*Asks:* 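Questions regarding the structure given below will be posed in turn.
This one's a predicted model, so the numbers in the text were calculated from it and none came from an experiment.
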Amino acid sequence: MAEPGTPILVAVAWPYASGSRHLGHLAGAYLPADVFARYQRLAGNRVLMVSGSDVHGTPITVRADAEGVTPADIVDRYHAEFLDAWERLAISWDCYTSTGTDNHAAVTQDIFLRLLEKGHIDKRTSEQFYDAEADRFLPDRYIGGTCPHCGYLEARGDQCEDCGRTLDPGELVDPRSKITGATPELRATEHFYLRLSDFTESLGAWLDGREGWRRHVLNFSKGWVEEGLQDRAITRDLDWGVALPVDDLGEGKKIYVWFEAVIGYLSAAKEWAQRSGDPEAWREWWEGDDARSVYFIGKDNIPFHTIIWPAMLTGYGGLNLPTDVPANQYLTFKGGKASASRGVGLTIGEGLDLFEPDALRYALAASLPEQSDTDISVEEIARRVNEELVATWGNLVNRVLSMVNARCEGAVPEPGDRTADDVALLDGVDAALVTAGDQIDRVELRAALRTAMDAAAAVNAYLNATEPWKLAKTDLDRARVVLGTALDAVNGVRVAFGPYLPYSSAVLAEALGPVDAWRRPDLAVGRPVEKPTPLFAKVDVEALLAEGDGDAGA
RNA sequence: GGCGACGUAGCUCAGUUGGUGAGAGCGCCCGACUCAUAAUCGGGAGGUCGACAGUUCGAAUCUGUCCGUCGCUACCA
């Protein structure tokens with residue numbers, strides 16, 4: 001556990017602005033990050049939660065060309081869509097920006113120059129396909145041709161979509177430029193390379209020393225290092241991207257997206273600091289010995305965060321490496337990997353159109369793929385909402401507030417003489433908060449949510465055992481002690497649900513008072529308790545499936 | 001092909017460094033209750049932990065082989 005006041009950088013995967021993101025991305029990174037950040041703030045730590053839209057890279061230019069618009073048009077469209085989603089989901093960013101800012105370019109160039117200066121970046125010549133008609137070099141994806149393996153005529157330069165094999169453009173039979181149709185020719189071109197091989201030893205030692213990391217993250221990363229790290233080209237023959245801070249290569253070269261996107265974590269922190277009025281404030285998270293940095297990403301991004309980014313930080317010097325990278329596995333939809341482009345699963349927007357935000361957050365948090373891929377469906381989300389969230393927690397709040405309203409003259413009653421059982425209930429709730437807090441701190445978010453749900457179930461059991469509705473007829477004083485105890489228990493359990501359910505938590509804050517720390521708040525005796533309206537609506541599964549378009553719900 | 005992961009009750013998943021009779025939620029069956037969104041609470045049935053062969057006093061947990069599913073394979077990020 002971190003000491004209160006610890007600076008914690010909550011670094012969240014940068015959504016790629018090439019298309020809509022889906023519920024798998026939400027469950028993989030944004031939701032767990034938000035839960036973690038909300039908890040750490042309540043625990044008294046200094047959270048800086050950053051991310052932004054990743055706006056560069058070949059897929060975006062490919063899409064722009066296909067639609068006859070500019071890359072900026074594509075990026076603006078999806079950046080706006082992402083912002084809308086975060087708003088609706090109440091993701092609590094401290095800074096959500098994009099890699100398209102001047103600040104990001106400046107930070108990227110600073111890192112590039114430092115690494116160049118220290119010899120971790122060098123220049124090499126290679127042969128690349130060149131389109132003489134268009135007068136430009138062609139990324140692999142801009143080259144088409146016949147697949148040498150299966151004979152498919154429309155294979156891409158990087159992969160044949162028919163047989164699925166990965167390709168080198170040089171392997172294509174009868175290669176053609178996708179821009180002009182011309183036959184491309186090989187020409188020498190110069191590019192900068194990041195010398196990852198410089199870091200094989202230091203990264204290996206660093207990874208060996210990691211404790212508490214998820215096994216699959218560590219295994220995967222160590223495997224990469226053991227295979228031997230290969231130097232990678234960090235520039236491309238593109239005009240869409242961050243400009244090089246040196247002119248050695250001439251026109252038409254840009255820093256490529258995989259190198260600069262991870263720098264966003266640092267540039268966003270600096271942007272936040274500038275906006276906060278103290279431009280140096282970012283150092284607390286990046287240079288402090290006591291600072292933690294936790295990167296929330298999907299497993300497809302592991303090497304970028306456990307190898308490449310740490311290598312860049314090591315080479316740059318003076319900046320903290322990741323404390324933990326609790327990468328999630330995949331959320332699958334009826335067995336298939338979610339993919340917005342292939343129409344598998346729901347986009348975030350579609351999810352929000354079908355479910356209220358807290359309901360969606362609950363169902364996904366209860367299904368987070370923390371250890372292994374987790375399968376989900378619209379029916380499964382609805383089941384989680386109806387059978388768990390509404391039945392156990394929503395109903396508990398409703399029954400307790402209803403009874404307090406009816407039996408305690410519509411106000412929080414005096415605690416009165418509590419029995420050992422009454423005290424035990426509240427002790428159990430307090431213990432659950434400690435347990436859930438530890439679990440969230442270790443990024444075991446499913447387990448922590450289960451802890452909260454178990455605590456709610458314990459309050460339900462307490463009510464069934466004490467039967468205050470009967471007591472109200474025979475011993476009203478005792479009934480009020482019981483109801484006051486149950487209300488206090490709910491008052492504590494809501495804290496545990498808080499990081500997961502911001503909307504309903506805000507409703508409860510109206511009713512019971514604010515939560516300003518990770519503990520059961522004091523209940524003000526005499527505070528009015530009105531007849532409640534349900535916190536969550538039950539989902540009509542039949543109507544949902546009928547109304548949602550059939551395959552989207554897959 | 002190479003690398004990595006997974007295969008545990010009907011469903012979705014947990015099971016630290018191998019060790020008291022294998023777990024949870026939901027579903028199902030029985031019972032209690034009726035304050036509450038027909039919600040809640042208690043009890044129960046249900047699994048040869050993918051298959052086979054090993055290591056071990058002892059394996060879901062380690063090793064090997066096989067079957068099945070999936071991801072990655074570095075110009076998708």
*Asks:* Heavy atoms under 4.0 Å, any strand shown: does A457(A) hit a base, just sugar-phosphate, or nothing?
*Replies:*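 Answer is sugar-phosphate: A457(A) comes under 4.0 Å of backbone atoms only.
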*Asks:* For a quick check, tell me whether the side chain of Q128(A) and the base of C75(B) share a donor-acceptor pair closer than 3.5 Å.
*Replies:*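 Donor-acceptor pair under 3.5 Å: yes.
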*Asks:* Can a donor-acceptor pair be found between the side chains of S177(A) and Y130(A) at a distance below 3.5 Å?
*Replies:*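 Short answer, no.
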*Asks:* Consider only side-chain N and O atoms of Y265(A) and W309(A), and report whether a donor and an acceptor are under 3.5 Å apart.
*Replies:*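 There is no such pair between these side chains.
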*Asks:* Can you tell me how far C1' in C49(B) sits from the matching atom in A24(B), rounded to whole Å?
*Replies:*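 That atom pair is separated by 15 Å.
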*Asks:* On RNA chain B, compare the nucleotides closest to G228(A) and Y462(A); which residue's is nearer the 5' end?
*Replies:*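 Final value for this comparison: Y462(A).
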*Asks:* Between C75(B), A14(B), A77(B), which nucleotide has the shortest distance from any of its atoms to the side chain of Q371(A)?
*Replies:*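 Between C75(B), A14(B), A77(B), the one nearest the side chain of Q371(A) would be A14(B).
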*Asks:* Could you work out which one of A77(B), A36(B), C75(B) sits closest to the side chain of N398(A)?
*Replies:*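 Side chain of N398(A) sits closest to A36(B).
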*Asks:* Considering only the P atoms, how many Å lie between A51(B) and G68(B), rounded to the nearest integer?
*Replies:*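 The same atom, P, in both gives a distance of 15 Å.
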*Asks:* Examine the side chains of R63(A) and Y78(A) and answer whether a donor and an acceptor come within less than 3.5 Å of each other.
*Replies:*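 Yes - a donor-acceptor pair under 3.5 Å links their side chains.
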*Asks:* Using the C1' atom as the reference point in each nucleotide, state the distance between G7(B) and C52(B) in Å, no decimals.
*Replies:*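 G7(B) and C52(B) have their C1' atoms separated by 16 Å.
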*Asks:* Base, sugar-phosphate, or nothing for D54(A), non-hydrogen atoms under 4.0 angstrom?
*Replies:*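 Sugar-phosphate contact only - D54(A) comes under 4.0 Å of backbone atoms but never of a base.
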*Asks:* Which of the following nucleotides, U34(B), A77(B), A39(B), is nearest to the side chain of K538(A)?
*Replies:*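 Among the listed nucleotides, the one closest to the side chain of K538(A) is A39(B).
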*Asks:* With distance as the sole criterion, do the side chain of N464(A) and the base of U40(B) form a donor-acceptor contact below 3.5 Å?
*Replies:*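 Checked by distance alone, the answer is yes.
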*Asks:* So, H191(A) and T235(A): side-chain donor and acceptor under 3.5 Å apart, yes or no?
*Replies:*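 A pair is found: one side chain offers a donor N or O, the other an acceptor, under 3.5 Å apart.
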*Asks:* Students often get this wrong, so: under 4.0 angstrom with heavy atoms, is P468(A) touching a base, only sugar-phosphate, or nothing?
*Replies:*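 If one applies the 4.0 Å heavy-atom cut-off, P468(A) turns out to touch nothing in the nucleic acid.
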*Asks:* Assert yes or no for the condition that the ring centre distance of F192(A) to F112(A) is strictly below 6.0 Å.
*Replies:*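 Yes, close enough.
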*Asks:* Looking at U12(B), A74(B), A39(B), which one has an atom nearest to any side-chain atom of N395(A)?
*Replies:*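 Between U12(B), A74(B), A39(B), the one nearest the side chain of N395(A) would be A39(B).
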*Asks:* Verify whether one side chain among T419(A) and D422(A) offers a donor that lies under 3.5 Å from an acceptor in the other.
*Replies:*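 Present: a donor and an acceptor within the cut-off.
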*Asks:* Just compare G4(B), C75(B), A5(B) and give me whichever is closest to any side-chain atom of F220(A).
*Replies:*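 In terms of side-chain proximity for F220(A), the closest of G4(B), C75(B), A5(B) is G4(B).
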*Asks:* Between U65(B) and G46(B), how far is it from one C1' atom to the other, in whole Å?
*Replies:*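 Per the computed distance, 32 Å lies between those C1' atoms.
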*Asks:* Please say which of L26(A), N328(A), V12(A) ends up in a side chain to side chain contact (heavy atoms under 4.5 Å, CB included) with P32(A).
*Replies:*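 Of L26(A), N328(A), V12(A), side chain to side chain contact (heavy atoms under 4.5 Å, CB included) with P32(A) is met by N328(A) alone.
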*Asks:* Pick the C1' atom in G18(B) and in C62(B), then give their distance to the nearest Å.
*Replies:*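 Taking atom C1' in both G18(B) and C62(B), they lie 7 Å apart.
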*Asks:* Hey, which of these two, N460(A) or R446(A), hits RNA chain B nearer its 5' end, going by closest nucleotide?
*Replies:*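 Nearest nucleotide further toward 5': that of R446(A).
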*Asks:* Which part of the nucleic acid, if any, lies within contact of R215(A), taking any heavy atom under 4.0 Å across all strands shown: a base, the sugar-phosphate backbone alone, or nothing?
*Replies:*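 Sugar-phosphate contact only.
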*Asks:* Looking at every strand, decide which applies to W14(A) at a 4.0 Å heavy-atom threshold: base, sugar-phosphate, or nothing.
*Replies:*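 Touches nothing.
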*Asks:* Heavy atoms only, 4.0 Å cut-off, all strands: where does Y16(A) land among base, sugar-phosphate and nothing?
*Replies:*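 Sugar-phosphate only.
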*Asks:* Does a nitrogen or oxygen in the side chain of T392(A) sit under 4.0 Å from OP1 or OP2 of G25(B)?
*Replies:*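 The answer is no; no side-chain N or O of T392(A) sits under 4.0 Å from OP1 or OP2.
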*Asks:* Go through A36(B), A39(B), C26(B) for me and flag the one nearest to the R399(A) side chain.
*Replies:*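 Nearest to the side-chain atoms of R399(A), counting from C-beta on, is A36(B).
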*Asks:* When you compare C11(B) with U48(B), how far apart are their P atoms, in angstrom units rounded to a whole number?
*Replies:*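 Roughly 13 Å separates the two P atoms.
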*Asks:* Picking from A39(B), A77(B), G71(B), which would you name as closest to the side chain of A391(A)?
*Replies:*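 Of the options given, the side chain of A391(A) lies nearest A39(B).
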*Asks:* What integer number of Å spans the P atoms of A77(B) and U20(B)?
*Replies:*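 Here A77(B) and U20(B) have their P atoms 49 Å from each other.
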*Asks:* For a quick check of understanding: with a heavy-atom distance under 4.0 Å over all strands, which category does K299(A) fall into, base, sugar-phosphate or nothing?
*Replies:*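 Nothing, no heavy atom under 4.0 Å.
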*Asks:* How is L463(A) classified with respect to the nucleic acid when contacts are heavy atoms under 4.0 Å: base, sugar-phosphate, or nothing?
*Replies:*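 Result for L463(A) = nothing.
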*Asks:* Among G4(B), C75(B), U34(B), which nucleotide sits nearest the side chain of W469(A)?
*Replies:*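 Given the options G4(B), C75(B), U34(B), the side chain of W469(A) is closest to U34(B).
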*Asks:* Please give the distance between the P atoms of G50(B) and A32(B) as a whole number of Å.
*Replies:*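 Here G50(B) and A32(B) have their P atoms 40 Å from each other.
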*Asks:* Among U40(B), A24(B), C75(B), find the nucleotide with the atom closest to the side chain of R450(A).
*Replies:*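 That would be A24(B).
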*Asks:* Please tell me which of the listed nucleotides, A36(B), U40(B), C13(B), lies nearest to the side chain of D375(A)?
*Replies:*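 Ranking A36(B), U40(B), C13(B) by closest atom to the D375(A) side chain puts C13(B) first.
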*Asks:* Hey, does the side chain of K222(A) come within less than 4.0 Å of C3(B)'s phosphate (OP1/OP2), counting only N and O?
*Replies:*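 Result: no.
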*Asks:* Can you see whether Y142(A) engages T61(A) through a side-chain donor-acceptor pair at a distance of less than 3.5 angstrom?
*Replies:*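 Yes.
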*Asks:* Does Q230(A) reach a base, just sugar-phosphate, or nothing at all? Heavy atoms under 4.0 Å.
*Replies:*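 The residue Q230(A) makes base contact.
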*Asks:* Hey, does V390(A) reach any base, or is it just sugar-phosphate, or nothing, if we go heavy atoms under 4.0 Å?
*Replies:*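 It contacts base atoms.
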*Asks:* Applying a 4.0 Å non-hydrogen cut-off, can you work out what G57(A) is touching in the nucleic acid: base, sugar-phosphate, or nothing?
*Replies:*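 Sugar-phosphate, no base atom in range.
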